[in-house]
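Written below as structure tokens is the structure these notes are about.
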2 protein chains.
Amino acid sequence: MSAIGKRTTIDDLARSLGLTKSTVSRALNDYPDISEKTRLRVRNAATALSYRPLSHAQAIKTGRVRSIGLVLQVSEHDGHRPFLADFLAGITEASAAQDWTLTLATANSTSDAVRLLEKLSQERKADGFILPRTYSEDLRIDALRAAHIPFVLYGRTDNIADCAWYDIAGEAAMFEAVETLYNLGHRRIGFVPGGAGYHYAKLRLHGYRDGLAAVGLDFDDQLVSANAVDKPQGFNAVSQLLALKQPPTAIVCSVDHAAVGAYDAIRSLGLKVGHEVSLISYDGIPEGAVLSPELSTYSVDTNLAGARLAELLIRRVRGEPPQDLREIGKARFLDRGSHGPVLLSSADLAAQIAR
Amino acid sequence: MSAIGKRTTIDDLARSLGLTKSTVSRALNDYPDISEKTRLRVRNAATALSYRPLSHAQAIKTGRVRSIGLVLQVSEHDGHRPFLADFLAGITEASAAQDWTLTLATANSTSDAVRLLEKLSQERKADGFILPRTYSEDLRIDALRAAHIPFVLYGRTDNIADCAWYDIAGEAAMFEAVETLYNLGHRRIGFVPGGAGYHYAKLRLHGYRDGLAAVGLDFDDQLVSANAVDKPQGFNAVSQLLALKQPPTAIVCSVDHAAVGAYDAIRSLGLKVGHEVSLISYDGIPEGAVLSPELSTYSVDTNLAGARLAELLIRRVRGEPPQDLREIGKARFLDRGSHGPVLLSSADLAAQIAR
DNA sequence: AAAAGTTCCGAAACCGGTTTCGGCAAGGGT
DNA sequence: ACCCTTGCCGAAACCGGTTTCGGAACTTTT
């Protein structure tokens with residue numbers, strides 16, 4: 001690898017300035033016992049010689065490599081797969097702004113993820129981790145907590161001790177969706193929950209129930225289908241709901257990919273989305289815009305999420321307590337064509353379906 | 001960050017064995033001057049105490065952090081966006097097998113990418129880089145070459161000096177597509193080139209031309225449309241081709257996303273894909289399977305590409321010459337419904353379109 | 001049995017930064 | 001005029017590994 005183009009080290013820099021490397025180091029790190037004059041001299045010389053400290057040489061004393069760890073579980077049902085690039089861009093841009101980088105790994109299972117988290121941390125490839133797709137009971141969190149490794153959740157979880165997080169208020173969106181549909185005259189409102197075990201699914205179901213309570217509708221567990229996170233599951237879930245004696249005239253979906261299946265289910269009964277059956281969903285996947293009618297859904301700013309998570313994690317690594325590092329964002333409603341005023345009563349709808 | 005759970009250092013390990021750390025280090029790194037007996041003793045003790053060397057502490061002497069760098073340009077037209085997760089998984093899995101990791105960054109422009117490459121390398125956040133989406137003339141390559149930083153291309157380029165690469169033989173696929181269509185009776189075969197400036201686009205156009213030559217058809221530059229890398233561009237490109245006095249009865253697309261637009265263009269003229277107009281494309285995006293008829297296309301194993309690239313780069317960093325690190329894979333043809341025997345002559349097709 | 005190799009490990013330098021500690025010189029107070 | 005700060009920088013330890021060098025103990029050769 002040819003030794004051409006030797007790096008300039010801190011010693012080179014110090015020598016060229018007639019200072020010692022300790023002074024140079026403190027000047028560059030803004031120690032208070034360095035005069036403003038020499039601080040500037042050092043800074044200028046550093047840029048002139050294009051000096052860049054080796055991050056691993058710094059790390060040996062500071063213990064920090066200025067790197068965010070992220071372990072993706074690729075086998076997951078990935079509603080966020082289309083958002084991956086945005087998510088990563090959000091993290092890396094926010095990180096780069098503070099001179100941090102992203103160390104990425106992929107796992108095939110939760111236990112694999114735990115193993116990688118521990119390994120990356122022990123080798124100090126990362127100073128802390130962003131945990132995407134949190135479960136209500138999450139082994140990754142348990143492991144990091146036990147090992148006192150800094151982390152930030154993308155999502156929330158049951159046991160929030162020592163947890164920092166960024167999350168979108170999916171429950172608020174579901175709540176609002178129920179209200180919206182109620183105001184359009186719907187009185188039988190179904191719900192398609194998201195992935196079992198994921199905490200977001202639990203929260204969104206709560207939001208749905210709270211929404212019902214707020215508008216004065218009774219909760220009917222028949223109106224909650226099986227969990228659905230993709231097109232076929234969504235198809236089955238909605239078929240199941242529409243086969244009820246008193247079918248829902250509106251359905252709230254936890255994830256867009258299930259809603260795509262819902263379109264097929266509704267159409268296969270000779271009904272039209274947004275007319276006989278209204279649909280409101282959550283995620284904001286691009287496919288929603290090419291369906292007809294376009295899917296009414298709550299969209300998530302994944303780039304922003306990545307950026308916020310990176311900033312929170314860096315603060316966490318720097319020692320801020322997790323209680324101060326909890327942030328909730330809002331999903332933005334895309335008011336499109338898949339929902340509308342109630343057209344038929346539930347009974348009439350049942351009759352129509354029976355034909 | 002509580003000092004609970006102190007790491008075991010190499011000194012701890014040495015002390016517990018009654019050896020010096022130099023012996024331990026050499027034992028773990030398979031130096032020949034360590035007896036087999038002590039080598040085993042050390043290994044066992046290391047796993048027993050779960051000793052994991054700090055990668056940055058090693059790096060200070062070795063100069064390597066065992067990390068692959070990847071700078072994504074997020075603003076690119078990303079045919080490979082849907083494959084991003086697969087690509088990253090391929091890289092990280094192959095890297096992890098050799099105890100390497102992936103350092104990821106994102107850029108908004110080529111100059112931004114160059115800046116990041118240099119920065120990451122100078123701070124030694126990465127030992128070398130994978131360069132995705134290569135251009136025929138690529139500033140990133142120039143920069144890395146000039147700085148003697150190891151890199152591997154995903155794709156090829158004009159000036160291949162000092163270049164190692166992995167690439168899929170897109171030109172062979174285009175060649176074969178022309179042959180296939182010729183054998184089905186097509187004599188007017190159009191071509192939709194990919195992104196201007198990208199080297200893959202140049203290669204695939206060559207493949208198309210060579211294919212024509214091989215079957216004995218003349219090259220007609222009218223049959224080559226404008227560049228197209230997404231749906232609207234594909235729509236325009238194919239509309240342009242079908243508006244010719246002697247329109248093609250078959251079209252080869254450089255990228256699937258353009259082919260999706262081709263479907264619309266063909267249908268809007270009252271024609272059916274795979275009947276009046278045949279279509280063969282390249283990439284293997286998932287959307288191709290939900291079109292009707294399903295898109296005939298050459299699919300790329302992106303996961304494998306990531307894995308091969310990681311392995312090549314690691315060898316490159318270890319000092320193998322780039323000439324020995326060039327590898328070409330093959331795209332797999334998905335023989336589906338968007339192409340078939342010629343139905344109308346070009347003249348008849350023109351007449352039909354005119355109506 | 002002495003000389004010459006081998007085998008194997010310890011001692012110490014080294015990598016490139018950061019951080020602690022101490023001291024000199026200038027400034028301020030009495 | 002003297003002492004005490006304060007400001008500012010140099011000297012040296014330190015971080016946790018890797019690598020070079022030298023030498024003791026043990027074999028082999030002559």
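Every chain is numbered from 1 and lettered A, B, ... according to where its sequence line falls, protein lines coming before strand lines.
Every residue was checked against the salt bridge (Lys or Arg N to Asp or Glu O under 4.0 Å) condition with B:D127, not counting sequence neighbours, and none meets it. Residues forming a side-chain contact (heavy atoms from CB on, under 4.5 Å) with A:L153 (at least two apart in sequence, or on another chain): A:L131, A:T134, A:I141, A:F151, A:T157, A:C163, A:W165. Among residues two or more places apart in sequence or in another chain, the side chain to side chain donor-acceptor pair (under 3.5 Å) test is passed with B:E123 by A:R66. Judged as a side-chain contact (heavy atoms from CB on, under 4.5 Å), and not counting sequence neighbours, the contacts of B:R115 are B:D112. For A:T20, the side chain to side chain donor-acceptor pair (under 3.5 Å) partners at least two apart in sequence or on another chain are A:S22, A:T23. Contacts of B:D158 classified as salt bridge (Lys or Arg N to Asp or Glu O under 4.0 Å), with partners at least two apart in sequence or in another chain: B:K202. Taking B:R315 as the reference, B:E320 meet the side chain to side chain donor-acceptor pair (under 3.5 Å) condition, with sequence neighbours excluded. Residues forming a side chain to side chain donor-acceptor pair (under 3.5 Å) with B:E137 (at least two apart in sequence, or on another chain): none. In this structure A:A96 satisfies the side-chain contact (heavy atoms from CB on, under 4.5 Å) test with no other residue, sequence neighbours excluded.
Checked by atom type, the side-chain pair B:T103/B:K125 shows no donor-acceptor distance below 3.5 Å.
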Fill in the blank from the handout: Per-nt protein contacts along nucleotides 14-24 of chain D (heavy atom under 4.0 Å; B base, S backbone sugar-phosphate only, - none) come out as BBBBBBBB---
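Rotation axes derived from the C1' atoms of the five outermost pairs at either end of the helix from C:dA1-D:dT30 to C:dT30-D:dA1 lie 40° apart, to the nearest 10°.
At whole-Å resolution of the value, NZ in B:K37 and P in C:dT7 are 16 Å apart.
Near DNA chain D, defined here as any heavy-atom distance below 4.0 Å, there are no residues from residues 12-19 of chain B.
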